[in-house]
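Reviewing the structure listed below.
Keep in mind it's a predicted model, so treat the numbers as computed, not measured. When reading the values below, keep in mind they use all heavy atoms of this one structure, side chains included, and skip hydrogens, waters and symmetry mates.
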Amino acid sequence: MGIDNFCSLDGSDPFWDWNRTWQTHNPDLTPCFQNTVLVWIPCLYLWLFAPLYILYLKRNDRGYICMTHLNRAKTAIGFTLWLICWADVFYSFWERSHGATIAPVYLVSPTMLGVTMLLATFLIQYERMKGVQSSGVMLNFWLITIVCATVTFRSKILHALNEPASVNVFKYTTFYIYYTMLLISLILACLSDQPPLFSQAVRDSNPCPESGASFLSRITFWWITGLMVTGYKRPLEEKDLWSLNTEDKSQRVVPQLVRRWDQECNKVKRSEARNKTLYSPKRSAEEEKKDGQPIEESEILLVKTLKKTGDPSLFCALCRTFGPYFLVSSLYKIVHDILMFVGPEILRLLIQFVNDSSAPDWHGYFYTTLLFVCTCVQTLILQKYFHVCFVTGMRLRTAIVGAVYRKALVITNAARRTSTVGEIVNLMSVDAQRFMDLITYINMIWSAPLQVILALYFLWQNLGPSVLAGVAVMVLMVPLNAVIAMKTKTYQVAQMKSKDNRIKLMNEVLNGIKVLKLYAWELAFKDKVSAIRESELRVLKKTAYLGAVSTFTWVCAPFLVALSTFAVYVLVDEHNILDAQKAFVSLALFNILRFPLNMLPMVISSMVQASVSMKRLRVFLSHEELDEDNVERPAISSCEIVDGAFSWCKDDSPTLKRINVRIPEGAFVAVVGHVGSGKSSLLSALLGEMQKQKGSVSIKGSVAYVPQQAWIQNATLKDNILFGRDGKDSWYQKVVEACALLPDLEILPGGDSTEIGEKGVNLSGGQKQRVSVARAVYCNCAVYLLDDPLSAVDAHVGKHIFGCYKLQSLNSLNAAGTGKTPQKTEPNDVAATKKTKSAEAARLTEADKANTGRVKLSVFWEYMKAIGLPLSIFSIFLFFCHHLSSLGSNYWLSLWTDDPVINNTQPNREMRLGVYGALGISQGIAVFCYSVAVSVGGILASRYLHQTMLYNILRSPMSFFERTPSGNLVNRFAKETDTIDSVIPSIIKMFMGSMFNVLGSCAVILIATPLVAIIIPPLGLFYFFVQRFYVASSRQLKRLESVSRSPVYTHFNETLLGTSVIRAFGEQQRFITESDGRVDHNQKAYFPSIVANRWLAVRLEFVGNLIVTSAALFAVMARDSLSPGIMGLSISYALQVTASLNWLVRMSSELETSIVAVEKVKEYGDTEKEAEWRLEHSTLPAGWPTAGHIEIHNFGLRYREDLELAISDISVNIEGAEKVGIVGRTGAGKSSLTLGLFRIIEAAQGEIRIDGVNIAELGLHELRSRITIIPQDPVLFSGSLRMNLDPFDGYTDEEVWRALELAHLKNFVSGLPDKLNHECSEGGENLRVLVLDKGQMAEFDSPSNLIAKKGIFYKMAKDSGLV
């Protein structure tokens, strides 16, 4: 039985009728087609997807949703639809029983539909039980069903109007009820149900609305509108940001990558184990020859050909972790790529429609509607594709940062030496960003060839074998771009190496900034950083030239393909006519071809960069880790080493040998020895920090560790002591008292709530050490390992601490300390009174703050000035020339296609072809020139902005470095500088290109179809409003993301300095959790920004789609007065305007958000600066100071404007060649007076004169370069010993060696192969002593006189055991 007999027994109802459907002015589908295909399509859809969907829901159970009114309504309507379908079936049986002839279709189709409605009702309930709040599968089902039913609905109305007598009232009534129910079902499917029980949305105070949004809201990104409205009304703040979705959080993402990476590493280890050389067992010594001689023991080598074991694959680990989710984007991309070619095909049909005057008008409107629907579907699919890509990129960055952080906590000391802090920070910032950038476009690796193949296929259909000329052009460009890609990779490696060196040196400069200022070495190190920066910029410039060549070839590629194809087509046969249909359909295909050809080199470049980053990451993640089995945890002896041999590196000879130590519980042990004898190494061995070459180490119970150099966190003093433990007030008070910290709490402005700066900058050396001891004591551990814990504290304080606690293990190193780091003290009259500790005074560091509002035009102006105004204007002119040439060539092509055909030929084709080619060549020249101009301008701007920032930061006072976290500064020199180097120039090129594309497209459309002027102004206003509405939120989200990035690096730097302490206390997991929290906090701002991009793209592409539809619609309306060439030109440009509009807004917002990097870099130009380094008209004598006579008169200073004077009323006269010792208890103000002498802190009262010259009237370098100091904390910068001694190269080698000899280092340095180490020591006689107490001068005399007076100095000497 055929399909016609299936619909009607007599065959009177055909399945298809062209005369009824297409070749008519009032089209309609046959009843057979309506009752079969239009009914079966939704049924097939649901039955195909239902098994997969049920399986998906079973594996992704989100919880249980209680029955709601919405769910009841959906279920009730589902059952109603089922009943209606069965009513139709029963009615057909009833008719049949009354003798009517019923075709099988009237029984089969309602039955299928009824069973499908029952399945739909079941799915509605199953979704509720699995926690689905809104279903895309069901919404699509209802949408397909309503679309199919709408055709039947129209047909039935037309039939009722034209043939009322033949209407079946029952079936018509049931269909209208059915159609109404479908509409209600569609509306209900657009709504979202309540959250499942116990879901994150219920527990979270500010959950992400994505999970609870309806499917329609998700595909249009409507769910972010609330946040954007808030951002439009006022600048967004951190409290406005949602919590991250569970699947995007570090605690979910990082362990997945770490687990997969470990699997890859284990796979390599197993392979290595299999490939190891095998040996036979030794023969038994009892086996003897018959003559009684013993057999010589031997090992028989089993020879096996071994293949080299490869490295673990980070790429495989990443693919296995993120591949399944990312595959979804590939499916979206395939559908989108296919839909891209619908536009040119519809353009062909429209031009054909214009040429065919007999075609019904509705054909044109049908093509226009089809074009609108296809472009809208294309928009939604493309934006979902981008959303998946960006979310994958975000998760990838989270995973990489987390994996690097976890690895940094466990790598060996030897491995740490191979990866500097700068390199590791770059892994977390620059390299992770490279992966994020690549993920967005990685699909282009297969998508671009697919698009090229499809485009060439359709071109072949249009122009025949002539298209092979275009293929040849593309093939010729492949080797050129391969060479460019290889060179780019080489330059990328060199650039990253320079970047690592620069960040490493900047870290050293920031860590040793106090030494730089004391020695007036800022300019020397500025030159060192600048030299590295120049080598980095030289590589950038080479990359820019390569990029210009690449841009030239690939921007010109589509035109060259078009030119060669058209040339071959018209020249091989004079009867080949280049009409509008061939030319503009081909041009539309060439424009599609332009995108993959333009994107492919960018993707290849990104892949090259990512491959470099992947290798760097693989090398770091493959570093050797500390062996957890280095230290055993038995239940017996407290501390024991048996026959131990230890080294810092696995391949080094042992640093400690033949170590046998057994320390029972309760023992009190001191390890003593000369400097360098291995005392600290012994503690490191006990902690498992060294490589155990032989023997065993065991420690019973928990361990507390106090390192030789106190490690202090950027947190409150109390948090430093508690160190993550629960607060126990009584125990805490005992610890603080025992560690002699009570007097310090009185001095500190906020008591124990005072924020301690990075590396404890606002504590003295003794205070830092006591906090470190208090941290260990508070933990109440079984074993205490203390490395010279009392060296930096005053003698009486040391006795107090020593007497208060019987420590279980003490490692005492007798190293002498000289002086203290800056200490905040209170004057005597204030310290005596009871102070209120203000929270504001307790704060020290300032978090990175986000600016609000629009980026000021002055920031753009500053960037233009950094480039140079002439070069900026010239670049814009070149952009204009390029697009004018492009517009001219396409307009020329439209004139060519409208040329009259005489004797089957176009007479002026050579002239037309020559002009077309000349316009194309002018495009190429302009492209190359503007690419070079913008890239070189970007490098000039980078150089200027980096140098300015570096100079401004070095000019900042020490107070700036104390309150500014180093992570903020590293972020400026790493991420923000990278943005200025690489991102901004490329965004400027794309922004300018998009802007001229949009303007050119609108101009062509308006010239071709002036009626479009009716719709372009309102669409332009809508576009402008949406753009401003979006940028208000996007800009602020970018700022919030930027400022929340700095704490990630700050915490990471802090962790690297204290890894041994963190491991000793077993606090790795707490620090990992803290790092994950900071990364998640950063991603909380990044996630809304990528969703906001998608929100904008959907709306602006909709505007573009309306422009395309309007151009097509008005062209159809004016087909009698429009030439095919102009119509083809208009619609081919209209097809581009959607992508250009979207790209323009994306680039404008990217430009505004990226220019924030310039704003961040420039902001340090407005901060407080030190006095001038050198005065222009200095009258200082050349040999000053000659006598060294120091007069201090009524001198006082304070650390901050809101604090009391740290020292006050100091008046003292020191003669030349006199040696003076400044003594006093902790907090007395010793270091403060020294800082005042070097003007590290400027005087608040009084003055200091040296040889009669007021030091406040000198340039800082004039002062600091003439006097010198040996700081308490020795700082070595990377470089030679000579550079550390004489960075300006102002002395001869003989003078340097003389200085080393005076420091008793000549023999030591001579014995070193690289001469890279030094120590400073000082001795003297003829000593006088200045005693400070609570910030004021208490005594000043010779030591013998002060002891005779039995004052403060006498008591201190007595406490130290000197008298």
Side-chain angles (χ1 to χ4, degrees), residues 416-417 420-425 500-533 708-712 714 757-765 768 792 817-822 845 949-970 972-974 1049-1050 1052-1054 1056-1058 1164 1170 1173 1231 1234-1235 1238-1241 1260-1261 1264-1265 1267-1288 1316-1320:
R416 172 65 52 78
R417 288 198 293 270
T420 64
V421 175
E423 288 173 351
I424 302 174
V425 168
D500 286 343
N501 289 336
R502 178 169 57 83
I503 300 300
K504 173 189 171 187
L505 182 57
M506 278 310 305
N507 262 308
E508 291 181 353
V509 167
L510 295 173
N511 288 335
I513 189 66
K514 185 177 175 184
V515 172
L516 259 63
K517 289 192 172 297
L518 288 170
Y519 290 164
W521 282 359
E522 295 100 327
L523 286 174
F525 278 82
K526 175 177 173 288
D527 292 341
K528 281 177 65 68
V529 174
S530 299
I532 298 173
R533 178 67 176 160
Q708 194 169 12
Q709 293 288 330
W711 175 67
I712 305 297
N714 179 203
E758 288 185 15
K759 298 185 273 302
V761 293
N762 53 331
L763 295 179
S764 70
K768 284 192 282 189
T818 58
K820 300 285 186 287
T821 53
T845 58
M949 175 172 66
L950 179 60
Y951 178 75
N952 284 330
I953 284 177
L954 291 175
R955 280 284 321 281
S956 299
M958 273 305 299
S959 58
F960 168 81
F961 297 96
E962 289 174 2
R963 66 174 182 266
T964 306
S966 63
N968 293 11
L969 300 174
V970 171
R972 299 296 187 273
F973 283 99
Y1049 304 140
T1050 301
F1052 186 67
N1053 279 329
E1054 190 174 77
L1056 287 177
L1057 295 172
Y1164 289 132
E1170 286 186 309
W1173 283 340
S1231 297
T1234 310
L1235 295 178
F1238 280 80
R1239 289 178 60 194
I1240 297 295
I1241 303 172
L1260 291 180
H1261 282 185
R1264 294 170 184 171
S1265 62
I1267 59 178
T1268 193
I1269 188 172
I1270 301 173
Q1272 181 182 4
D1273 299 323
V1275 176
L1276 277 176
F1277 298 99
S1278 61
S1280 65
L1281 169 68
R1282 199 185 197 297
M1283 188 281 298
N1284 273 278
L1285 293 173
D1286 178 26
F1288 290 101
L1316 289 175
N1317 206 359
H1318 78 282
E1319 271 187 316
C1320 297

Atom of [X], atom of [Y] and distance for their closest heavy-atom approach:
X	Y	value
Phe1238	Ile1269	CZ-CB, 3.6 Å
Ala520	Ser1265	CB-N, 4.1 Å
Ile953	Phe961	O-CZ, 3.1 Å
Leu950	Ser530	CD2-OG, 4.1 Å
Lys517	Ile1240	CB-CD1, 3.9 Å

Checking [X] side chain against [Y] main chain: does a donor-acceptor pair fall under 3.5 Å?
X	Y	value
Arg502	Phe973	yes
Arg1264	Arg1239	yes
Trp1173	Arg955	no
Tyr951	Leu523	no
Glu1054	Asn714	yes

[atom1] of [X] to [atom2] of [Y]: how many Å apart, nearest 0.5 Å?
X	Y	atom1	atom2	value
Glu1170	Met958	CD	CE	9.0 Å
Phe1052	Ile424	CZ	CD1	5.0 Å
Leu505	Arg533	CG	CZ	13.5 Å

Taking the side chain as every heavy atom from C-beta outward, state whether [X] and [Y] have any pair of such atoms under 4.5 Å apart.
X	Y	answer
Leu1235	Lys514	yes
Asp500	Lys504	no
Phe960	Asn952	no

Go through the steps to decide whether Leu954 and Ile513 satisfy the test side-chain contact (heavy atoms from CB on, under 4.5 Å), and finish with yes or no.
CA-CA 8 Å; Leu954 291 175; Ile513 189 66; 4.0 Å; yes
